[in-house]
Amino acid sequence: MGCLCLVLGLLLAASMQLHEAKRYHEVLGDERYPGYMREHSQLRGWSSDENEWNEELYPVWKRGDARWRNSWRGGRVQAVLTSDSPALVGSNITFVVNLVFPRCQKEDANGNIVYEKNCRNDSGLSSDLYVYNWTTWPDDSDWAEDGDLRTGQSRHHVFPDGKPFPHPHGRKKWNFVYVFHTFGQYFQKLGRCSARISISTTNLTLGPQVMEVTIYRRHGRRYIPVAQVKDVYVVTEEIPIFVTMSQKNDRNASDHTFLKDMPIVFDVLIHDPSHFLNKSAISYKWNFGDNTGLVVSNNHTLNHTYVLNGTFNLNLTVQTSVPGPCPPPLPASGDPMEVSKIADGNCRVDRYGYFMATVTIVEGILKISIIQAADVLMPAPWPDSSLMDFTVTCEGAIPTEVCTIISDPTCQIARSMICNPVAVDETCLLSVRRAFNRSGIYCVNFTLGDDTSLALTSTLISVPGKDPVSPLGTVTVALIAVGCLAMFVTVITILLYKKHKEYKPIGKCPRTMVTGRGLSGFLTHAKATLFPGTQEKDPLLKSQPGIL
């Protein structure tokens, strides 16, 4: 009878101990987010969060626990978790965790945490070299007495679920333990001040999901929690696409307003960081909304010119076939998913990406040209200056302002700049007068603008010295090059922007990027759901010109 009671007592004790043991999901996140499912596909190399957690070796501190304040010398460690989400189902998604140490602390080449030289934190300059000098800690052999003498494996060199560290685990350089948790499963990894993992999204539940990470640091024969972080990622069956739209002479690259009779460059960027679609044929079907019909292309870049003013609805469909599981058989009434059989019982599944935008087409300045440059006799008080009139024409809309920049012969160093409002007739013909105080070769840029467009042209001119026979002298002008000089565009427009803040930077291809069908907005919404809580003032040609 006594033996029976002893056995029953031991069984009861074991049962109570098992019942009181913490599970992974209790430590890593006992919250259940909207749409959470316990039934899910097994992630390769991951374990169920129903496993036991070794709380003696890896203590568990809830949020707000006072012990967090002393978990790291010199302050708190922050963890930043990022991913390359959104991920097309079937592709891989990568997560990266980076530790941000308190001010003046960093990780050295040996994995130790040291104080930066000559860095002053809240407590002043530190006299210590190390925050944590892990290389001076005992070697693995010193711990063998607490482990298995035959294998030399210390019982302290294990993960929270008791699995041993990889051997050799490089304890002196890898002093953090990272525990990732998602879909009711966990993955354990040794690391330094950052850790990276990738998982396949095949058969994962579509929509927003949560990845949680808990980080421990080595502390003698135990491990101390230093940071926790979580972030939302998205698994989608739609191809994540981004589209850039750019047009020469477009003044504002973000307002979706473009110019009539000038090509717009559309460039489709597919978000595929794991290169899942590299071997797939991709087609692009465009409808520009201007009754020009459907345009099908296998090139991600396409030009289109709108010839009418107005507002147009642009639609793009991107299509490709990718490997995927075969759907269950359906009645002959039809299967909405288009698939084709491939080897090994798998199928190729058609995937689609969508992009929609509304663009406004308006009149704009399409082109400007310098058609003449002539010298002008200079009266006093500028006997040593050369005055020059430039005749400029433009095509398209009538400009409302003009800027001129005079630079050195390389067009790299600006000597002077003047921006003025202008009033020209319907023929768009204007004369710009500028003065030069010495001979030489100059780069002259003209930029005409209105509310929606900016156009520029540049020329090189040669100004000879004064004729000593004549009191006023004669200026001979050589118009060396007329037209848009591409090499000047960037420098000139930056200078314009700095001088005249109403002028937007000009480039060959002003760009604007928009996302396909609100994936970025969807991710933001998902996070909110899951975690609640000096110019000249006188008009041009009506005052004395600026003198170089």
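Start at 1 with the first residue, then count along the sequence. Note that the structure is a prediction, hence the values are computed from the model and not measured.
- Taking both residues in full, the closest heavy atoms of Val77 and Ala227 are given as O-CB, 3.8 Å, listed atom of the first, atom of the second, then distance.
- Across all non-hydrogen atoms, the minimal contact from Ala455 to Ile368 is O-CD1, 3.4 Å.
- The main-chain N or O of Ser453 is never found under 3.5 Å from a side-chain atom of Asn249 such that the two would form a donor-acceptor pair.
- A heavy-atom distance below 4.5 Å is not found between the side chains of Arg44 and Ser200.
- With hydrogens and angles ignored, the 3.5 Å screen pairs no side-chain donor or acceptor of His25 with any backbone N or O of Ser48.
- Applying the side chain to side chain contact (heavy atoms under 4.5 Å, CB included) criterion to Ser194, with sequence neighbours excluded, gives Asn98.
- Across Cys193 and Tyr178, no two heavy atoms sit closer than the pair C-OH, 3.4 Å.
- Nearest approach of Val226 to Ser71, heavy atoms of both residues: CG1-O, 3.9 Å.
- The distance from the CZ atom of Phe95 to the OG atom of Ser83 is 5.0 Å, given to the nearest 0.5 Å.
- Checked by atom type and distance alone, the side chain of Thr360 never pairs as donor or acceptor with a backbone atom of Thr311 at under 3.5 Å.
- Looking at Thr457, its side chain never comes within 3.5 Å of a backbone N or O of Phe446 through a donor-acceptor pair.
- Between Phe288 and Trp286, the ring centre distance stays below 6.0 Å.
- Here the side chain of Arg351 pairs no donor or acceptor atom with the backbone of Ile239 at under 3.5 angstrom.
- Looking at Asn92 and Thr94, their side chains never bring a donor and an acceptor atom within 3.5 Å of each other.
- Using modelled atom types, no side-chain atom of Tyr352 and backbone atom of Glu237 make a donor-acceptor pair closer than 3.5 Å.
- Rounding to the nearest 0.5 Å places OH of Tyr132 at 7.5 Å from NE2 of His219.
- Looking at every heavy atom in both residues, Leu99 comes nearest to Ala79 through CD2-CB, 4.1 Å.
- Side-chain atoms of Gln105 come within 3.5 Å of backbone atoms of Arg73 as a donor-acceptor pair (strictly under, hydrogens ignored).
- A donor-acceptor pair is defined here as one N or O able to donate and one able to accept, closer than 3.5 Å; no such pair exists between the side chain of Ser407 and the backbone of Gln412.
- No hydrogens or angles considered: nothing links the side chains of Thr317 and Asn315 as a donor-acceptor pair under 3.5 Å.
- Leu269 places a side-chain heavy atom less than 4.5 Å from the side chain of Thr244.
- Side-chain contact annotation: Asp290 with Thr292, donor-acceptor N/O pair under 3.5 Å present.
- Counting only heavy atoms from C-beta outward, the side chains of Thr214 and Val27 never approach each other to under 4.5 Å.
- Note that the CZ atom of Arg192 and the CD1 atom of Ile113 stand 8.5 Å from one another [nearest 0.5 Å].
- Side chains of Lys106 and Val114 form a contact here, defined as non-hydrogen atoms less than 4.5 Å apart.
- Within the 6.0 Å centre-distance limit, the rings of Tyr306 and Phe312 are counted as a close aromatic pair.
- When all heavy atoms are compared, the tightest approach of Ile93 to Ala87 is CB-CB, 4.0 Å.
- With Tyr233 as the partner, the side chain to side chain donor-acceptor pair (under 3.5 Å) test is satisfied by one option alone out of Thr82, Thr182, Asp84: Thr182.
- For Asn291, the CG atom counts as loosely surrounded, since its 6.0 Å shell holds 12 or fewer non-hydrogen atoms of other residues, nucleotides or ligands.
- Annotation for Arg76: atom CZ counts as buried by contact number, over 12 foreign heavy atoms lying within 6.0 Å.
- Taken to the nearest 0.5 Å, the CD1 atom of Ile264 stands 14.0 Å off from the CG atom of Asp267.
- Ring-plane geometry between Tyr223 and Phe165 is classed as perpendicular, the angle between the planes exceeding 60 degrees on a 0 to 90 degree scale with a lower cut at 30.
- Here Asn298 contributes atom CG and Thr320 contributes atom OG1; the two are 11.5 Å apart, rounded to the nearest 0.5 Å.
- Ring pair Tyr58/Tyr216 is perpendicular by interplanar angle, where above 60° counts as perpendicular and below 30° as parallel.
- Here the side chain of Tyr24 pairs a donor or acceptor atom with the backbone of Asp161 at under 3.5 angstrom.
- In terms of modelled atom types and a separation under 3.5 Å, the side chain of Lys189 and the main chain of Arg196 share a donor-acceptor contact.
- For NZ of Lys260, the number of neighbouring non-hydrogen atoms (other residues, nucleotides, ligands) closer than 6.0 Å is greater than 12.
- Going from atom CG of Leu259 over to atom CG of Asp261 covers 9.5 Å, rounded to the nearest 0.5 Å.
- A side-chain donor-acceptor contact under 3.5 Å links Asp350 and Ser321.
- In this pair, Phe101 and Trp72 present their aromatic rings parallel. The plane angle is below 30°, not in the 30 to 60° band.
- Looking at Gln228 and Glu212, their side chains never bring a donor and an acceptor atom within 3.5 Å of each other.
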